[in-house]
K.L.:
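Before I ask anything, let me first share the structure, which is written out below as structure tokens.
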2 protein chains.
Amino acid sequence: MPVAIRHDDLRKRNRAMVISSVRRAGQASRTEIAAVTGLSHSTISSISADLIGEGILQETKDAEPAATRRGRPQVAIELNPEAATVVTIVLLYNLLAGCVVDFAGTAIAGNAGKLTTAELSPEALVCRCVGLVEAMLAQPAVAGRRIDRITFAVQGTTDAARRVMLWSPITPHGHIDLATGIEAAFGVPVTVENDCNMIAVALQSTATARRHHDFIAVLLSHGIGMGLVLDGRPFTGTHTSGGEFGHMVYLPGGALCRCGQRGCIEAYAGNYAIARFARGQSEDELSADDLDIREIAAIGDVARRSEGREREAFRRAGAALGYGLGSLFALIDPAPVTLVGDGAAAFDLIEPAMRAALASTAGGRHADAITFDTEPDEMPLIELGCAMRALTQIDQEVLAAGVPAQAEAVEPA
Amino acid sequence: MPVAIRHDDLRKRNRAMVISSVRRAGQASRTEIAAVTGLSHSTISSISADLIGEGILQETKDAEPAATRRGRPQVAIELNPEAATVVTIVLLYNLLAGCVVDFAGTAIAGNAGKLTTAELSPEALVCRCVGLVEAMLAQPAVAGRRIDRITFAVQGTTDAARRVMLWSPITPHGHIDLATGIEAAFGVPVTVENDCNMIAVALQSTATARRHHDFIAVLLSHGIGMGLVLDGRPFTGTHTSGGEFGHMVYLPGGALCRCGQRGCIEAYAGNYAIARFARGQSEDELSADDLDIREIAAIGDVARRSEGREREAFRRAGAALGYGLGSLFALIDPAPVTLVGDGAAAFDLIEPAMRAALASTAGGRHADAITFDTEPDEMPLIELGCAMRALTQIDQEVLAAGVPAQAEAVEPA
DNA sequence: GCTCATTTTTTCGAGCTTCGAAAAAAAGAA
DNA sequence: TTCTTTTTTTCGAAGCTCGAAAAAATGAGC
């Protein structure tokens, strides 16, 4: 099953390693790269000379003298921002936002707009995406740049090949093939990623000691999503984008969930579920999807002031999350958790019940030491993760292979 | 983070590939190996000549003419049974069983015995294991063989390094370091694996099309365990052996579980839970661990004959399993399930409620197509998986590296 | 029984790759 | 100005895989 390593792959892999170590470090000298990768100095010298020659890396110009030590000073190497350009598109409920990002990860153009996703046909949706990208490409900052890849981050599940949005709360239509349509329009590879997975990628790229090998990002918003990094790699499901934490079962036969089933975690911890309970609505009732975020904030304010249905709503959300994390921890062991999204702003209301629930599970038995990070604004994370994903793919699939030599120029005789 | 590939690793990896492809196929010609691995014929020729010269592989003697085609006949290559010898030790509640297995995977000696695990101190437990191995090594069939590795399969969780049994239902003692003690006694590497993970390894080694890339093995016995193969690799947790499916939460605050918490799946689907309900005992009550398996069988017989508490007990077990699988499927997507252990003998009693529960979850929405395999006898699977694990480790860690040349013989001058 | 066709396996040289040692380069210290 | 120290490059050696060609081993056909 494991595919053999060809001799030619060796250089390719090691080139990818060098690129990725520079990407992670931002700037790195050849000596540092050698230390990180474990390759010899001579190999790094050879590879980095190639990469600089190909315009993928460059020696840093504004040499910070930094720690002025004795001996020949290190030459910092960095990514050449011109080496490639990617486009990210974030598609959420009633929101479409795009970014043009250079090879070093700097956004050079952006565009965002409201749209009523639920009312658009799949074709119209693709059309809007094309329009968004075209508008960005017309901006002067992008002039003259060739786009190398477009990567989506969408709410909902995607297929394993990351080309199709299988299901999404933003639209009644299933199985929307975003990749093929956009690829046809721009002639570059397109992949479709799950938004929560991109949050996890973003958190990994800004990894602290806390979030290193294994961690969990839970998106608390209208619905509940999750991104998982296990053993240093973003975990995606086996057939789909997976990680549907919000649809693990909390109370069998319980409250009605947007997905049509009952008792999902989301049916207790999603914004709509919190509002539903706070308003005193039936658990069999599904409100409209366009719940105003300010209503949740208002419920939170009431909950902080006095005991009542509002406070109880957050308590129930916390319990659902706590038991869900307990089940998750039973499967994969406890790991640091980052709560992302506007639900994280109500962490104070959620935490006590969540911790109590977690502590009463087998998986969370020793989890009282776990700290929770909160990150109320998810958009920057989704965009960052999406850009990192696109760039990493460029690193490993395109640039690692190297130029196919000038064989082409010679042959036609 | 990803470690670079050294030039020396190349041959090592490709040697491991050749060994593992022969192990998987049982017998394979050089041409077949080349096709499977993707390496060139010349490389395979070179590597297999080395491996045969080192006594790791051998050309098959009793050449089956097989399909008598035109041209030079293929020479089948197989594992040399003498190349290595491993010992497997299965440690379950009141049961200790060992096997000596040759390099080709054939058991050449075995020994099993009852013992009261709950009453033994950690030291006494190690002592019994040492005695078991010594008794096997004294058998004539094993005479003259050097043992290369000892691998445990134990009930309970192990640490990530697979050296310590962190917690087990078979003993009140926690954190029993089996590896260090046994390593000291026999001077060979020892690893400690979780029994359910070994079941998954065994099922993978006998993989059919059905169980290929992703599948789930659920052990239904006194407790509930799980082994998971994701993306072709056995999944183990991040800190521990993980996969504690039985301790995912089914009903928050529900029935008392052996683990001390409430509402775990095991507290409804474990043998003890089924018996507890059938007997009309309180859900707060924990019976002794040594429930006779015949009692469960008897409850099953009653359940099949008439409606009543007995039948309801299995129904409850099925519901707990169904909702648990639904949550699991939400996380990792649906995958084929094999039910293993004596609980699988009651599959007819469990199935309807399990399917109904599964169908009412988001993860199991499209899971009506899923078929369940049953495998009532878990011991052969645990032993097979344990042997495969030990041998695979030998393949990749010891033999792939090759002989360190005769450098040793020359140097002392 | 001999020759030819066919398939498998080995041999051999070419082309890469990585590595270690030594050399070269570039700075501070004296 | 010379010496030290550190980084980077150069160069030859050794190892690996690959493709082409040769060798080996057998059935088919006459």
Side-chain angles (χ1 to χ4, degrees), chain A residues 3-18 22 27-53 57-60 63-77 400-405 407, chain B residues 3-18 22 27-53 57-60 63-77 400-405 407:
Chain A
V3 174
I5 303 181
R6 306 291 207 59
H7 198 227
D8 347 358
D9 296 339
L10 233 176
R11 188 54 169 262
K12 185 176 165 186
R13 289 206 186 207
N14 288 339
R15 281 168 61 103
M17 285 267 313
V18 170
V22 173
Q27 285 190 343
S29 71
R30 293 168 176 81
T31 307
E32 287 164 351
I33 297 172
V36 169
T37 60
L39 294 167
S40 72
H41 284 199
S42 34
T43 301
I44 296 302
S45 181
S46 159
I47 291 178
S48 51
D50 285 356
L51 293 174
I52 291 172
L57 301 181
Q58 62 187 14
E59 297 193 343
T60 307
E64 278 183 19
T68 169
R69 282 181 306 175
R70 202 163 166 168
R72 179 173 175 172
Q74 302 190 347
V75 181
I77 294 178
V403 288
Chain B
V3 173
I5 303 182
R6 306 292 206 60
H7 198 226
D8 346 0
D9 295 340
L10 233 179
R11 188 55 169 257
K12 186 176 164 186
R13 288 206 186 207
N14 288 339
R15 281 169 59 104
M17 285 268 311
V18 171
V22 173
Q27 285 190 341
S29 71
R30 292 168 175 82
T31 307
E32 287 165 352
I33 298 172
V36 169
T37 59
L39 295 167
S40 72
H41 285 199
S42 35
T43 302
I44 297 302
S45 182
S46 160
I47 291 178
S48 51
D50 285 357
L51 292 175
I52 290 172
L57 302 181
Q58 61 187 14
E59 298 193 342
T60 307
E64 278 184 19
T68 168
R69 280 182 307 175
R70 205 162 164 169
R72 179 173 174 173
Q74 301 190 347
V75 181
I77 294 178
V403 288

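Side chains included, hydrogens not; waters and symmetry mates left out as well; all remaining heavy atoms used. Chain naming here is simple, since letters A, B, ... match the order of the sequence lines and numbering starts at 1 in each.
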K.L.:
Select one nucleotide: of dT17(D), dT10(C), dA25(D), the one nearest the side-chain heavy atoms of H41(B).
P.N.:
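Taking heavy atoms from C-beta onward, the closest nucleotide is dT10(C).
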K.L.:
Strictly below 4.0 Å: does S42(B) bring a side-chain N or O up to OP1 or OP2 of dG19(D)?
P.N.:
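The answer is no; no side-chain N or O of S42(B) sits under 4.0 Å from OP1 or OP2.
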K.L.:
Measure the distance from CD1 on I77(A) to C1' on dT9(D) and round it to the nearest whole Å.
P.N.:
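The answer, rounded to whole Å, is 13 Å.
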K.L.:
Roughly how far apart are R15(A) CZ and L10(A) CG, rounded to 0.5 Å?
P.N.:
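One gets 13.0 Å once the value is rounded to the nearest 0.5 Å.
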K.L.:
Establish, with yes or no, whether the OP1 or OP2 oxygen of dG15(D) is under 4.0 angstrom from a side-chain nitrogen or oxygen of R11(B).
P.N.:
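Negative; the distance criterion is not met.
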K.L.:
Shortest non-hydrogen contact from S46(B) to R11(B)?
P.N.:
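So the minimum-distance heavy-atom pair works out to OG-NH2, 2.7 Å.
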K.L.:
In whole Å, I'd like the distance from the CD1 atom of I47(B) to the C1' atom of dC16(D).
P.N.:
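Distance, rounded to whole Å: 9 Å.
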K.L.:
Please figure out whether R70(A) or S46(A) has its closest DNA chain C nucleotide nearer the 5' end.
P.N.:
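Whichever sits nearer the 5' end wins; that is S46(A).
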K.L.:
Measure from the side-chain heavy atoms of S40(B) and tell me the nearest of dC18(D), dT17(D), dA27(C).
P.N.:
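Nucleotide nearest to S40(B)'s side chain: dC18(D).
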K.L.:
Nearest whole angstrom, please: distance from the C1' of dC19(C) to the CG of D9(B).
P.N.:
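Rounded to whole Å, this separation is 13 Å.
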K.L.:
Return the minimal non-hydrogen interatomic distance between R30(B) and I44(B), and the atom names on each side.
P.N.:
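Residues R30(B) and I44(B), closest heavy atoms: O-CG2, 3.7 Å.
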K.L.:
Please report the distance, rounded to the nearest Å, between CZ in R30(B) and P in dT9(C).
P.N.:
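To the nearest whole Å, that distance equals 6 Å.
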K.L.:
Output the rounded distance in Å from CD (E59(A)) to P (dA26(C)).
P.N.:
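About 11 Å, once rounded to whole Å.
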K.L.:
Rounded to the nearest 0.5 Å, what's the gap from CG on L39(B) to OG on S45(B)? Could you check?
P.N.:
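Answer rounded to 0.5 Å: 12.5 Å.
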K.L.:
May I ask you to test the V18(A)-L57(A) pair for a side-chain heavy-atom distance under 4.5 Å?
P.N.:
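SC-SC contact between V18(A) and L57(A) confirmed.
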K.L.:
Could you state the atom-to-atom distance from NZ of K12(A) to P of dT17(D) in whole Å?
P.N.:
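Going from K12(A) (NZ) to dT17(D) (P), I get 18 Å.
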K.L.:
Just N and O in the side chain of R72(A): are any of them under 4.0 Å from OP1 or OP2 of dA24(C)?
P.N.:
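Result: no.
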K.L.:
In whole angstrom, what separates D50(A)'s CG from dT18(C)'s C1'?
P.N.:
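So the two atoms are 13 Å apart, to the nearest Å.
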K.L.:
Are OP1 or OP2 of dT17(C) and a side-chain N or O of N14(A) less than 4.0 angstrom apart?
P.N.:
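Answer no for this pair, as no side-chain N or O of N14(A) is under 4.0 Å from OP1 or OP2.
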K.L.:
Whole angstrom is fine here: how far is it from CD in Q74(A) over to P in dT5(D)?
P.N.:
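Q74(A) atom CD is separated from dT5(D) atom P by 17 Å.
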K.L.:
Check whether any side-chain nitrogen or oxygen of T31(B) sits under 4.0 Å from OP1 or OP2 of dT9(C), and answer yes or no.
P.N.:
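Yes, within the criterion.
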